[in-house]
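Quick notes on the structure that follows.
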Amino acid sequence: MRAAAISAPRLDKMPRMFFSANPKDLKETDHSLLDDKMQKKRPKTFGMDMKAYLRSMIPHLESGMKSSKSKDILSADEVMQWSQSLEKLLANQTGQDMFGNFLKSEFSEENIEFWLACEDYKKTESNLLHSKAQKIYKEFVHSDAAKQINIDFHTQESTAKKIKSPTPTCFDEAQKIIYTLMEKDSYPRFLKSDIYLNLLNDLQAGSLK
């Protein structure tokens, strides 16, 4: 009879979901889960990343630092001075870079980018003022600017009029507003951030020497 001829189902043909996972698969899954956990923990290593960044940058910063007599280019005293004022922080190239990275983490890097653009603009030769003024205005000040800064309508309109006959000072009003905004808002948070405190602690401990 045909019924007697029916054989029992072969185990190797049954769906894999009924069997324990292959040890290799489990190992790969463990690695995958570990990778996910590492991804989640990465933001906490931001200070360590910055330490590595500084180590790589130090050889290139020697010509730009004021303390030319010492090979110890970035000192704890120098970094501590950054907490005295935003002006001292921005006067130091490394401090400027670190503050810029901090602003990026807060999605407000347009503020320091505009401030730096204004500083560069003031040094521009007179025959290039018009083209550079137009570029800065379109990038940061115009209502449709890709990196629009947070200034009031009056200042925006005033700046638009000034760049029609540009002078080295036509962005001063807007630049002052953005500087004050950074000074009162972002700068105090930067001084309390891991990126600043970790660097200061590392230098005080001599770990970057």
Side-chain angles (χ1 to χ4, degrees), residues 42-43 46-47 49-50 53-54 57 60-61 63-67 74 78-200:
R42 275 180 185 170
F46 189 50
D49 292 341
M50 182 50 64
Y53 163 77
L54 284 167
M57 284 297 292
H60 305 290
L61 293 174
S63 61
M65 290 299 189
K66 295 178 181 179
S67 54
L74 196 63
E78 194 171 17
V79 173
M80 286 182 71
Q81 288 178 13
W82 298 353
S83 64
Q84 294 177 8
S85 68
L86 178 59
E87 182 181 2
K88 288 193 175 183
L89 172 65
L90 295 178
N92 182 287
Q93 184 61 55
T94 306
Q96 198 179 101
D97 291 342
M98 290 185 68
F99 187 55
N101 284 331
F102 175 75
L103 292 181
K104 284 181 182 179
S105 74
E106 294 200 331
F107 305 101
S108 58
E109 65 268 26
E110 70 278 358
N111 291 330
I112 192 169
E113 288 180 8
F114 172 70
W115 186 85
L116 290 170
C118 291
E119 289 295 290
D120 177 69
Y121 174 78
K122 293 173 186 178
K123 305 169 187 174
T124 303
E125 296 179 9
S126 57
N127 62 316
L128 299 175
L129 284 176
H130 181 75
S131 60
K132 190 169 284 190
Q134 289 292 330
K135 181 180 179 181
I136 294 173
Y137 179 80
K138 289 178 181 178
E139 187 173 3
F140 297 103
V141 183
H142 193 275
S143 57
D144 294 326
K147 300 179 181 180
Q148 187 181 15
I149 54 173
N150 186 16
I151 57 175
D152 59 274
F153 179 75
H154 170 75
T155 304
Q156 187 180 44
E157 288 294 296
S158 174
T159 304
K161 291 177 181 178
K162 289 175 182 177
I163 65 169
K164 291 180 180 178
S165 300
T167 65
T169 62
C170 66
F171 288 105
D172 281 7
E173 186 180 3
Q175 186 185 19
K176 184 177 179 181
I177 291 174
I178 294 304
Y179 181 89
T180 302
L181 179 64
M182 291 192 294
E183 185 177 40
K184 292 183 177 180
D185 185 45
S186 304
Y187 174 61
R189 287 199 299 277
F190 170 76
L191 295 179
K192 296 177 182 178
S193 69
D194 288 342
I195 189 174
Y196 175 71
L197 295 177
N198 286 346
L199 172 64
L200 183 57

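The basis for the numbers below is simple: all heavy atoms, side chains too, and nothing from hydrogens, waters or symmetry mates.
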Please check if atom [atom1] in [X] has more than 12 non-hydrogen atoms from other residues, nucleotides or ligands closer than 6.0 Å.
{"X": "Lys138", "atom1": "NZ", "answer": "no"}
{"X": "Gln84", "atom1": "CD", "answer": "yes"}
{"X": "Asn150", "atom1": "CG", "answer": "no"}

Rounded distance [0.5 Å steps], [atom1] in [X] versus [atom2] in [Y]:
{"X": "Ile178", "Y": "Phe114", "atom1": "CD1", "atom2": "CZ", "answer": "6.5 Å"}
{"X": "Cys118", "Y": "Leu116", "atom1": "SG", "atom2": "CG", "answer": "9.0 Å"}
{"X": "Leu74", "Y": "Asn92", "atom1": "CG", "atom2": "CG", "answer": "6.5 Å"}
{"X": "Thr155", "Y": "Ile177", "atom1": "OG1", "atom2": "CD1", "answer": "3.5 Å"}
{"X": "Glu139", "Y": "Lys147", "atom1": "CD", "atom2": "NZ", "answer": "5.0 Å"}
{"X": "Phe140", "Y": "Trp115", "atom1": "CZ", "atom2": "CH2", "answer": "13.0 Å"}

*Electrostatic pair Lys176:Glu173 at N-O distance under 4.0 angstrom*: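 Between Glu173 and Lys176 there is no salt bridge, as every charged N stays at least 4.0 Å from the carboxylate O atoms.
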
For a quick test of reading the model, state the closest non-hydrogen atom pair linking [X] to [Y] and the distance between them.
{"X": "Phe102", "Y": "Ser186", "value": "CE2-O, 3.5 Å"}
{"X": "Glu87", "Y": "Tyr179", "value": "N-OH, 3.1 Å"}
{"X": "Val141", "Y": "Ala145", "value": "N-CB, 4.1 Å"}
{"X": "Pro188", "Y": "Met182", "value": "CD-O, 4.2 Å"}
{"X": "Gln156", "Y": "Gln148", "value": "NE2-NE2, 3.7 Å"}
{"X": "Ile195", "Y": "Met98", "value": "O-CE, 3.2 Å"}

Side chains of residues 163-170: which donor-acceptor pairs under 3.5 Å do they make with residues two or more places apart or in other chains?
residue : atom : partner : partner atom : Å
Thr167  : OG1  : Thr169  : N            : 3.4
Thr167  : OG1  : Thr169  : OG1          : 3.3

_Option passing side-chain contact (heavy atoms from CB on, under 4.5 Å) with Lys132 (candidates Leu128, Leu129, Ile136)_ =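 When Leu128, Leu129, Ile136 are each tested with Lys132, the side-chain contact (heavy atoms from CB on, under 4.5 Å) holds only for Ile136.
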
Treating [X] as the side-chain partner and [Y] as the backbone partner, does any N or O pair qualify as donor plus acceptor under 3.5 Å?
{"X": "Thr124", "Y": "Tyr121", "result": "yes"}
{"X": "Asn198", "Y": "Asp194", "result": "yes"}
{"X": "Gln96", "Y": "Leu90", "result": "yes"}
{"X": "Tyr137", "Y": "Phe171", "result": "no"}
{"X": "Tyr187", "Y": "Ser83", "result": "yes"}

*Which word best sums up how the rings of Trp82 and Tyr196 line up, parallel for under 30°, tilted for 30 to 60°, or perpendicular for over 60°?*
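The arrangement is tilted - the two ring planes meet at 30° to 60°.
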
